[in-house]
Number of protein chains: 2
Amino acid sequence: MADDAITAQRASRRSASTETPKPYHHGDLSRALVDAGRRILETEGPDALSLRAVAREAGVSPAAPYHHFKDKGELLDAVAAEGWRELGDAIARARAEAPSPAVAVTEIGVAYIRFARVNPALYRIMYRMACDRKTMPEHARKAEGGVGQVAEAILAAGAHPATELDLQLIQIAAWCTAHGIAEMVGFKEFEELKEQLGGEEAFVRAVLGHVGILSGRASEMIQQG
Amino acid sequence: MADDAITAQRASRRSASTETPKPYHHGDLSRALVDAGRRILETEGPDALSLRAVAREAGVSPAAPYHHFKDKGELLDAVAAEGWRELGDAIARARAEAPSPAVAVTEIGVAYIRFARVNPALYRIMYRMACDRKTMPEHARKAEGGVGQVAEAILAAGAHPATELDLQLIQIAAWCTAHGIAEMVGFKEFEELKEQLGGEEAFVRAVLGHVGILSGRASEMIQQG
DNA sequence: GACCTATCTGAACGCTGTCCAGATCGGACA
DNA sequence: TGTCCGATCTGGACAGCGTTCAGATAGGTC
């Protein structure tokens, strides 16, 4: 019963940007709830994202969400899923706009970290959900929007990993590194260093440059390993 | 009332700390609260770590902690601080036991990630507090217990970073990478890969090997940069 | 012995997630 | 067209949360 509601909601979310289908007597509430959640996330931060607040923001009683999501976690999951999709888009855009395949891997990393910094509350929810479930969300796994893009970019850059396992490990290392930097760039201790380097993005690029795998040196490293 | 049981609980004290600050008329409650917090963290996980649960576990009313900590956050901070101290110890131990300075940097990374995996709930609280405050906690910053050890290990390994800035960036990159891996190793997607590589630690070492900076290649990378 | 102050309790407030009985309405079927 | 089923929403309730506050208690000092 609950599963049906979820699949219906997932299906309806696809074309939601242009058309708003209103199949039920108060409109597309699940969609409205996710939107309300994102609004709260942006304006009041992740700690204010309570189920009741979301219902309030959507103009609905506190019990209403339970007809569309099993519990609070599932609602947050829907919000996070939207975030992952947008992060995937940002990465794809960065890859497409990269001046050459050689630097695409770095640009992916920068785009990833930039997304996390521009949407800190959303990124936090995204990873909190992932860590709770001990699983990368679907959108992050899919090749078009996730880790797969790193592998493609590495191969496009002309690298030839010895084995499929090598390629996988590189992807994982890149993903972990990007996540680690994304969560820590905001620390106050780095402010002086950022200023010294001419801004946060310059700082991020400098850190990435000292990490190795995201700095365009992929092929060298693989041949050495 | 079960006064005996309560006083017995209060009497249970850790021998870890050197000095016990001020035992007032019900014993060293702030110490007992931190201990209770850690016990809950280990047995019931981070979501169960409520202030009321901690007070209950310590055999005290829900309002009592407010005479020792400003709010819940400050109590959690105290728990986290203990975690950072222990993580620092683990890193120092790994460095001391490393067969050679050349591999010490890798061993530090492995020890860091191992600590996070052995104490997942504690590590989570540690980083949640750090991210909330946008600051690395004191113990992580101090040279004896934190990032400083990475710099020392890199220099001891015979690397000669061109500038002080390079050394700082390497430290930051290493710290971010270790954190990223620590948070993601647990994901279910990697289980097959772990098995294939002969266990989680082998997997961690393999990922680190594809990251570069933590793999003992520090000096090469600096000279190239 | 009296007093001061730090410490602890019990009760209260408003908030949270979640569940339930009942009201309401859309759409299928007669 | 009329009836009815089931999905949807409401209001109220419950336990638990963080936090505050007046009042009880006890250690240390004079």
Side-chain angles (χ1 to χ4, degrees), chain A residues 1-9 11-12 20-34 36-37 40-41 44-79 125 128-129 132, chain B residues 1-11 20-34 36-37 40-41 44-79 125 128-129 132:
Chain A
M1 187 156 44
D3 286 341
D4 292 341
I6 291 157
T7 46
Q9 159 241 328
S12 73
T20 50
K22 23 184 177 175
Y24 297 121
H25 62 86
H26 268 85
D28 190 353
L29 184 55
S30 49
R31 173 79 241 163
L33 288 169
V34 173
I40 290 172
L41 223 40
E44 302 179 69
D47 293 339
L49 189 64
S50 69
L51 206 157
R52 286 178 112 102
V54 171
R56 226 177 291 134
E57 170 80 17
V60 109
S61 91
Y66 284 89
H67 294 271
H68 300 268
F69 303 98
K70 189 175 114 282
D71 55 10
K72 185 191 176 186
E74 213 167 66
L75 170 52
L76 263 50
D77 253 344
V79 175
I125 294 291
R128 187 184 299 173
M129 290 297 105
D132 281 353
Chain B
M1 293 207 296
D3 281 346
D4 294 340
I6 291 169
T7 46
Q9 267 183 339
R10 281 173 185 152
T20 50
K22 36 178 176 178
Y24 279 121
H25 63 88
H26 271 84
D28 189 353
L29 183 56
S30 49
R31 173 80 242 163
L33 287 169
V34 172
I40 290 171
L41 223 40
E44 301 179 69
D47 293 339
L49 190 64
S50 68
L51 208 158
R52 287 179 113 102
V54 171
R56 224 178 292 132
E57 170 79 19
V60 110
S61 92
Y66 285 89
H67 293 271
H68 299 269
F69 302 98
K70 187 175 115 282
D71 55 10
K72 186 192 177 187
E74 212 168 67
L75 170 52
L76 262 51
D77 252 343
V79 174
I125 294 291
R128 185 184 301 175
M129 291 295 107
D132 281 352

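Below, chains carry the letters A, B, ... as their sequence lines are ordered, and counting in each starts from 1.
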For this session: Grab the CZ-C1' distance between A:F69 and C:dT18 for me, whole Å please.
Result: 16 Å

Problem set entry | Shortest non-hydrogen separation from B:A55 to B:S61 and the atoms involved | CB-O, 3.6 Å

For this session: Among the candidates D:dG11, D:dT19, C:dT18, find the nucleotide nearest to the side-chain atoms of A:K72.
Result: C:dT18

For this session: Measure from OH on A:Y66 to P on C:dT16 and round the result to the nearest Å.
Result: 12 Å

For this session: Figure out the CG/P separation between B:D47 and C:dT16, and round it to whole Å.
Result: 18 Å

Problem set entry | Earlier contact from the 5' end, DNA chain C, for A:A53 and B:R52 | B:R52

Seminar exercise, completed: Here the distance between atom P of C:dT16 and atom CG of A:L76, to the nearest Å, is 14 Å

Exercise. Rounded to the Å, how far apart are B:L51 CG and C:dC8 P?
Worked result: 14 Å

Exercise. Hey, mind stepping through A:L33 and A:F69 against side chain to side chain contact (heavy atoms under 4.5 Å, CB included) and telling me if it holds?
Worked result: CA-CA 10 Å; A:L33 288 169; A:F69 303 98; 3.9 Å; yes

Problem set entry | Minimum-distance pair of heavy atoms, taken over all atoms of A:L49 and A:V54 | CD1-CG2, 3.8 Å

Exercise. Looking at A:H67, does any N or O in its side chain come under 4.0 Å of the phosphate oxygens OP1/OP2 on D:dT10?
Worked result: no

Problem set entry | Whole angstrom value for the distance that separates C1' of C:dG17 from CD of A:E74 | 15 Å

For this session: For D:dC17, take OP1 and OP2 only and decide whether either is under 4.0 Å from a side-chain N or O of B:R56.
Result: yes

For this session: State which of C:dG10, D:dC17, C:dT18 makes the closest approach to the side chain of B:A63.
Result: C:dG10

Exercise. If you check the A:A64 side chain, which of C:dT9, C:dT18, D:dT10 turns out closest?
Worked result: D:dT10

Exercise. Could you give the NE2-to-C1' distance, from A:H68 to D:dG6, as a whole number of Å?
Worked result: 14 Å

Exercise. Between A:P62 and B:S50, which is nearer to the 5' end of DNA chain D once each is assigned its nearest nucleotide?
Worked result: A:P62

Exercise. Quick one: A:L33 CG to D:dC9 C1', roughly how many Å, whole number?
Worked result: 12 Å

Exercise. Think A:S61 has a side-chain N or O under 4.0 angstrom from the OP1 or OP2 of D:dC9?
Worked result: no

Exercise. Can you name the closest pair of heavy atoms from B:H68 and B:E74 and give their distance?
Worked result: O-OE1, 4.5 Å

Exercise. What distance separates A:L51 CG from A:K72 NZ, expressed to the nearest 0.5 Å?
Worked result: 7.0 Å

